[in-house]
Amino acid sequence: MANKRTVSNKLLITYLFIFYLWWAIEEICNWQYSSIPLLQESISALVKFATWSIPAYFLIKKYSDRLAIGYSTMFKNHFRFWPYLGLFILMLIYLFATVYFTSGTIRINPSWHPTDLIGSFLIVGITEELVFRGWILNALLPKFKTWVALLIDSILFLVIHFPIWYRTGTFLSNFASGAEFTVIILGILFGLLFIKSKNIFVPIIFHMFWDLILTVFLL
């Protein structure tokens with residue numbers, strides 16, 4: 001791996017600069033595309049998909065030979081889900097325990113609306129895993145030791161949450177509650193799942209499941 005060609009630092013830094021600048025502007029401006037909730041959620045989701053997933057997909061395909069896990073492998077590698085079942089159950093227990101200790105009960109969030117699933121469930125897991133595990137982590141792994149690449153990727157994953165925390169006025173409260181550690185740990189976990197399975201759909205499934213429980217049940 002040490003002799004393998006890698007994605008250039010210039011390309012990675014340029015990508016990260018444009019990507020973070022764009023998303024900070026988009027989140028802070030919080031553009032309203034429609035007064036109809038379903039249409040607003042759908043357009044917002046399409047904007048995120050178009051500006052996150054599509055560029056990441058083409059970069060993964062173009063630089064496949066310079067990544068730790070190539071394009072064909074990460075989308076087609078066969079995996080069995082049962083080895084991950086224990087982790088899936090542990091995540092389920094942790095999530096519902098978090099919901100219970102946060103709200104004192106386990107019930108559907110009264111402010112939850114089915115349209116929330118579009119942006120918080122259907123799109124987030126796909127877009128974020130393609131960018132942060134499929135592209136960024138994948139490009140970092142040939143350059144650094146595994147734990148260093150995982151840590152850098154997870155910190156970058158944390159930073160992308162800053163604009164929405166700022167816009168919603170929850171930046172300080174999230175840090176006070178330890179949310180930053182949760183995001184970093186999740187980033188490392190999703191990264192390990194990607195490395196172990198060599199299939200991007202494994203972290204996507206776990207990520208989508210995590211977001212589904214929090215969206216529907218957490219107050």
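Source: prediction; values computed, not measured. Counting from 1, the numbers follow the sequence of the chain as shown.
- In this structure, the side-chain contact (heavy atoms from CB on, under 4.5 Å) partners of F171, at least two apart in sequence or on a different chain, are F162, W165, F175.
- Residues satisfying the salt bridge (charged side-chain N to carboxylate O under 4.0 Å, His left out) criterion with E180, sequence neighbours excluded, are absent altogether.
- Sorted by first and then second residue, the side chain to side chain donor-acceptor pair (under 3.5 Å) pairs involving residues 9-21 (not counting sequence neighbours) are N9-K143.
- Under the side chain to side chain donor-acceptor pair (under 3.5 Å) criterion, no residue pair touches residues 190-204, with sequence neighbours excluded.
- Residues I28 make up the rest of the hydrophobic cluster containing Y166, defined by ILVMFWY side-chain heavy atoms closer than 4.5 Å, directly or through other members.
- Side-chain atoms of Q40 never come within 3.5 Å of backbone atoms of S35 as a donor-acceptor pair (strictly under, hydrogens ignored).
- A heavy-atom distance below 4.5 Å is not found between the side chains of V7 and L59.
- Here the CG atom belonging to L150 is positioned 6.5 Å from the CG atom belonging to L141, to the nearest 0.5 angstrom.
- Counting heavy atoms from C-beta outward, L193 and L87 have side chains that approach closer than 4.5 Å.
- Judged as a side-chain contact (heavy atoms from CB on, under 4.5 Å), and not counting sequence neighbours, L172 has no contacts.
- In terms of the side-chain contact (heavy atoms from CB on, under 4.5 Å) criterion, residue partners of A45 (sequence neighbours excluded) are, by chain and number, I118, I123.
- Every pair passing ring-ring contact (aromatic ring centres under 6.0 Å, His included) that includes a residue from residues 184-205 is listed here, sequence neighbours excluded: F190-H207.
- Sorted by first and then second residue, the side chain to side chain donor-acceptor pair (under 3.5 Å) pairs involving residues 50-76 (not counting sequence neighbours) are W22-T51, Y57-Y71.
- Residues L151 and F144 are not in side-chain contact: their nearest non-hydrogen atoms beyond the backbone lie 4.5 Å or more apart.
- Not counting sequence neighbours, the partners of N174 by the side chain to side chain donor-acceptor pair (under 3.5 Å) test are T170.
- Checked against side chain to side chain donor-acceptor pair (under 3.5 Å), E41 has no partners two or more places apart in sequence or in another chain.
- When the shell of 6.0 Å around OH of Y33 is examined, it contains more than 12 heavy atoms from other residues, nucleotides or ligands.
- With rounding to the nearest 0.5 angstrom, the CD1 atom of I160 is 9.0 Å from the CG atom of L16.
- Heavy-atom neighbours of F101 CZ from other residues, nucleotides or ligands within 6.0 Å: at or below the threshold of 12.
- Applying the side chain to side chain donor-acceptor pair (under 3.5 Å) test to residues at least two apart or on different chains, the pairs with a partner in residues 144-163 are R133-D153.
- Interatomic distance, CG of N30 versus CD1 of I25, reported as 14.0 Å (0.5 Å rounding).
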